Amino acid sequence: MKKIKKTLLCSSLLLTVLASQSISVNADTISTGSGDRIHFINTKAKSGSDAILLESNGHYALIDMGEDYDFPDGTDTRYPNRWGISMRNYQVLEDRLIRHLNQVGVKKLDFILGTHVHSDHIGAADEVLSRYQVDRFYLKKYADERITSSWGLWDNLFNYDNALRAAQNKGVTLIQDIRDEDSHFKLGNMDIQLYNYKNEYGPDGKLKKVLDDNSNSIVAVVTVAGKKIYLGGDLDNAEGAEDKLGPVIGKVDMMKWNHHYDAKISNTKAFIDNLSPSMIIQTTGGDINLASTKNYLQEKNIQVIRASSKTQDATVFDISNQGFTNVSNSFPDIPKVDANWYQEGGYWKYRLSDGQMAIGWQEIDGATYFFNGKGQKQTSRWLHLKDSSVNLEGNWYYLNDDGKMQTGGWFKHDDAWYYIQSDGARRYDQLAEIGGKKYLFDKDGKMLTGSQVVNGKKMFFASSGALETDETGSGWKKNESNWYYFDEEGKQIVGKKEINGVTYYFDNKGVMQTGWALIEGHWNYFANSGAMKTGWIKDKDTWYYLDKEGIMLTGLQEIEGTRYYLNASGAMQTGWKWFDNHYSYFTSSGAMKTGWLKENGLWYYLDKEGIMQTGLQEIEGSRYYLNASGAMQTGWKWFDDSYRYFTNSGAMKTGWFKDNGLWYYLDKEGIMLTGLQEIEGTRYYLNASGAMQTGWKWFDDSYRYFTNSGAMKTGWLKENGLWYYLDTETGQMATGIHKVNDETYYFDANGVMQTGWKQLDGKWYYFQADGSLLRNGTTPDGYKVNAEGVWTTSKSDETTKETKNEHKQDKVTETTQAVTKEINIEKNSSVVNEKDQASEPVSETTEEKN
């Protein structure tokens with residue numbers, strides 16, 4: 001959407017969008033170059049602007065390039081100075097975009113696409129084209145003549161021409177007549193389909209007339225890793241585009257919110273239903289206009305994320321089959337620098353603390369300066385700006401030799417007197433009361449003297465400029481239902497005037513005003529009698545508050561000990577409200593809520609300042625987890641790279657915990673533990689999902705055994721009639737030759753204790769019925785074993801040995817067959833006997849070899 005929304009122009013109240021929000025990264029750690037990501041460059045405030053980087057398998061592209069620094073100053077007649085042109089740093093994305101592209105390591109862009117010609121979408125196109133290699137540039141044709149709304153021209157042509165010139169200078173392939181075959185292409189792993197890409201022409205062969213350029217927005221639908229992403233610029237339904245495209249595009253997973261402000265002709269419920277996204281990205285720090293739309297998204301459980309930040313350049317998501325992972329925090333914060341003056345090209349410029357080049361109005365060390373779109377400080381000149389939706393002719397300001405704006409009061413320049421108001425703008429073409437006296441200023445702001453005709457009446461102004469006499473009577477006068485007031489000298493009253501203790505307001509024609517009136521940048525309200533109102537007033541079912549000076553208040557206000565929020569139009573708010581980068585809640589009386597709040601079955605917590613809390617919070621001694629939308633969570637939750645569990649009351653659980661028949665352990669920070677853990681002197685094994693294990697478990701290249709209580713077993717273990725030995729220090733299951741209490745045992749590859757004859761390394765050993773190695777003795781089948789347990793023969797028994805050896809080989813083959821049965825490590829045996837090392841397995845019987 002264009003930076004100043006047309007609905008603001010139609011409103012009877014001026015909504016001023018103010019705010020300022022804001023990264024820098026080690027380029028070698030930003031991107032793998034082989035994954036799929038989408039980067040939304042963050043806005044700095046409630047204004048909106050689009051610059052979206054697509055990254056896939058080492059390929060990059062931009063959907064829109066965001067607002068840039070430069071703006072037309074009216075010196076070129078092709079590009080007039082119009083109200084609504086962006087000239088404030090908080091609207092600029094150029095610094096963030098270029099810094100982020102460099103940090104990601106972008107050298108080349110396969111393509112850039114401008115959805116439409118508003119400067120908050122293509123302003124920085126010329127900067128991108130001049131800095132990076134670009135293969136293709138998609139941009140529909142544009143002409144000021146096609147825009148039917150005078151307020152919708154802004155600096156469209158200025159940015160359009162800049163973009164085309166930059167593309168031509170760099171030899172970039174410019175695609176303006178996009179054909180069907182051009183509308184579907186690849187970027188790495190990404191499949192990209194364009195919609196609404198054709199130029200539309202009227203019967204006269206010229207571009208079709210439209211209200212403004214939002215309806216012309218090119219739509220890009222990106223499909224990757226089974227996920228579908230909608231990127232529609234500022235598409236709206238003024239020309240029926242949403243009704244037409246919604247059913248065609250269908251279900252998506254992520255939707256970039258159409259438009260930055262408007263919710264009346266953009267983002268219709270039918271369009272949202274057609275797309276049915278699970279996640280919406282709003283490229284603005286502001287809130288959705290309509291409460292009904294906000295409630296609708298909550299009802300649909302659609303996650304809303306604002307790509308707006310004071311500290312980070314971008315909101316970045318990894319895209320995979322599992323969904324979207326927000327990896328924004330892997331990027332460093334925007335670097336801070338010392339704000340300072342510097343010279344460049346013979347002009348003084350100023351660098352802000354976030355490294356930006358200052359543009360527009362800037363207050364520096366108590367003085368106000370103006371910098372043009374190239375950042376050059378303006379000096380020794382009158383500056384004409386169309387910066388007011390109330391005064392469409394614009395205001396004049398004077399910048400002195402040092403660049404400081406002339407402050408309020410009388411000012412003499414070139415032998416003429418001017419009067420500068422408190423906001424720096426000069427008075428002109430009016431009869432104004434200053435210091436209790438009336439002065440007349442011509443259309444150029446020069447103070448007039450002598451005889452003058454004002455509204456058909458003759459008046460005389462002294463050489464000082466003060467009104468001396470006129471030809472009217474005094475007191476109240478009514479003419480054609482309008483009331484006027486003339487003082488004792490017959491001078492017609494204009495502006496605010498206290499009469500008999502009551503304050504009234506008369507416009508520049510002297511007509512007494514009723515209802516709302518904008519006076520010196522502030523709204524006041526006057527009753528039908530003309531009397532100025534103060535305090536609470538109700539107008540058309542909406543409450544407003546006016547201070548003792550009659551000025552309508554906005555924003556967060558403490559009134560008689562209670563805090564209220566009055567929006568930009570002054571209306572008292574109820575329910576949820578986003579401001580100052582956080583949510584607060586206001587009851588039906590308008591009072592700001594603190595503490596616990598239950599709404600629509602969900603619990604929220606608002607601190608003593610009324611700020612809705614998110615993330616892990618300690619409240620009254622218990623820890624709770626509140627998700628990104630502020631809702632208190634229960635059950636298992638993954639955050640900060642770990643799982644935690646929250647009870648039905650929301651309180652975070654610690655220690656042992658049983659869930660669905662499984663035991664888990666959460667440390668004092670609530671973190672679910674996994675792997676081998678020693679807890680209160682006992683070792684347990686918790687699998688990758690945190691569940692306590694029992695029975696046999698394989699990890700760290702060995703088997704261990706855990707009892708029904710989960711405790712790790714050591715020493716002798718009997719299971720299913722078989723004996724095993726588990727190391728007393730590590731719990732590892734023994735295999736092969738192993739010594740236990742000075743006795744030697746042999747355990748096969750499955751850990752089962754063996755008995756009888758075993759041939760090991762070409763030598764024969766005999767293991768007794770209790771599993772211990774027989775030494776210096778005779779086996780039950782009559783063979784001698786030495787002190788090492790090795791079977792030996794003597795030369796005198798050669799014949800007997802051969803006979804026995806033949807007999808023995810037959811038996812050995814029978815008794816030393818490989819144990820092929822494998823241990824089922826997931827099975828928990830119903831009967832497991834723990835081996836008493838002193839008495840077992842001596843009593844066990846083993847089939848003897850004969």
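A quick note: this is a predicted structure, and the numbers were derived from the prediction, not measured. Keep in mind that the numbers below use all heavy atoms, side chains included, and drop hydrogens, waters and symmetry copies.
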Counting only heavy atoms not in Asn301, do more than 12 fall under 6.0 Å of its CG? no
How about Arg165 and Asn162: does a side-chain donor come under 3.5 Å of a side-chain acceptor? yes
Look at the aromatic rings of Trp348 and Trp341 and report parallel, tilted or perpendicular, splitting at 30° and 60°. perpendicular
Would you give the length of the straight line joining atom CG of Asn326 to atom CD of Gln303, rounded to the nearest 0.5 angstrom? 8.5 Å
Close side-chain approach of Tyr583 to Leu606, heavy-atom, < 4.5 Å: no
Ring geometry between His116 and His118 (parallel below 30°, tilted from 30 to 60°, perpendicular above 60°): perpendicular
Are the side chain of Asn196 and the backbone of Ser217 linked by a donor-acceptor contact shorter than 3.5 Å? yes
What pair of heavy atoms forms the shortest contact from Glu239 to Ser215, and how long is it? CG-OG, 3.3 Å
Side-chain H-bond candidate by donor/acceptor type, Thr268 with Asn237, under 3.5 Å: no
Can Asp135 and Lys108 be said to form a salt bridge (Lys or Arg N to Asp or Glu O under 4.0 Å), step by step? CA-CA 8 Å; Asp135 286 347; Lys108 174 181 175 295; 2.7 Å; yes
Can a cation-pi geometry be assigned to Arg351 and Tyr342, taking NZ or CZ under 6.0 Å from the six-membered ring centre and within 45° of the ring axis? yes
Give a yes-or-no answer on whether the side chains of Glu67 and Ser86 include a donor-acceptor pair shorter than 3.5 Å. yes
Looking only at heavy atoms, what is the nearest atom pair of Phe331 and Val104, with distance? CE2-CG2, 4.3 Å
Between Ser642 and Asp640: side-chain donor-acceptor atoms closer than 3.5 Å: no
Minimum-distance pair of heavy atoms, taken over all atoms of Phe324 and Ile229: CE2-CD1, 3.9 Å
Should we count NZ of Lys294 as having more than 12 external heavy atoms under 6.0 Å? yes
Kindly indicate whether the side chain of Ile359, heavy atoms from C-beta on, has any atom under 4.5 Å from the side chain of Val92. yes
Mark yes or no for whether Ser584, through its side chain, and Gly610, through its backbone, hold a donor-acceptor pair below 3.5 Å. yes
Are the side chains of Arg131 and Ile98 in touch, meaning some heavy atoms are under 4.5 Å apart? yes
How long is the span from the OG1 atom in Thr315 to the CZ atom in Phe317, to the nearest 0.5 Å? 6.5 Å
Nearest 0.5 angstrom please: Lys141 NZ to Lys198 NZ, how far? 14.0 Å
Is the number of heavy atoms from other residues, nucleotides or ligands within 6.0 Å of NZ (Lys251) greater than 12? yes
How long is the span from the CG atom in Asp607 to the OH atom in Tyr605, to the nearest 0.5 Å? 7.0 Å
Side chains of Ile281 and Ile52 in contact at under 4.5 Å (non-hydrogen atoms): no
Listing, residues 271-279 side-chain donor-acceptor contacts under 3.5 Å, not counting sequence neighbours, or none:
| unit_1 | atom_1 | unit_2 | atom_2 | d |
| --- | --- | --- | --- | --- |
| Asp273 | OD1 | Tyr296 | OH | 2.4 |
| Asp273 | OD2 | Tyr296 | OH | 2.7 |
| Asn274 | ND2 | Ala270 | O | 3.1 |
| Ser278 | OG | Asp253 | O | 3.0 |

Would you say the side chains of Asn214 and Asp212 form a donor-acceptor pair under 3.5 Å? yes
Using a distance-only test with no angle check, is there a side-chain donor-acceptor pair under 3.5 angstrom linking Asn42 and Ser308? no
Pair Tyr197-Asp182, side-chain donor/acceptor within less than 3.5 Å: no
Inter-residue atom distance Gln312.CD - Ser330.OG, 0.5 Å rounding: 8.5 Å
Tell me whether Gln176 contacts the main-chain N or O of Leu174 through its side chain, where contact means a donor paired with an acceptor under 3.5 Å. no
Answer yes or no for Arg306 and Trp257: cation-pi contact, defined as NZ/CZ to six-membered ring centre under 6.0 Å and angle to ring axis within 45°. no
Between Thr43 and Ser49, does any side-chain donor sit less than 3.5 Å from a side-chain acceptor? no
Hey, can you tell me if Tyr138 and Phe185 have their rings parallel, tilted or perpendicular (30° and 60° cut-offs)? parallel
Within the side chain of Asn57, is there an N or O that forms a donor-acceptor pair under 3.5 Å with the backbone of Asn189? no
May I ask you to check whether Asp213 and Tyr142 show a side-chain donor-acceptor distance below 3.5 Å? no
Does Tyr565 offer a backbone N or O that forms a donor-acceptor pair with the side chain of Lys577 under 3.5 Å? no
Will you find, in the side chains of Gln362 and Asn89, an N or O donor that is under 3.5 Å from an N or O acceptor? yes
Please report the C-alpha distance between Lys227 and Asp36 in whole Å, then the side-chain angles of each, then the deciding distance to 0.1 Å, and finally whether the salt bridge (Lys or Arg N to Asp or Glu O under 4.0 Å) criterion is met. CA-CA 11 Å; Lys227 300 295 175 288; Asp36 300 306; over 6 Å; no
Does a salt bridge link Arg644 with Glu669, judged by any charged N lying under 4.0 Å from a carboxylate O? no
Less than 3.5 Å apart, any donor N or O on the side chain of Asn258 or Glu242 sitting next to an acceptor on the other? yes
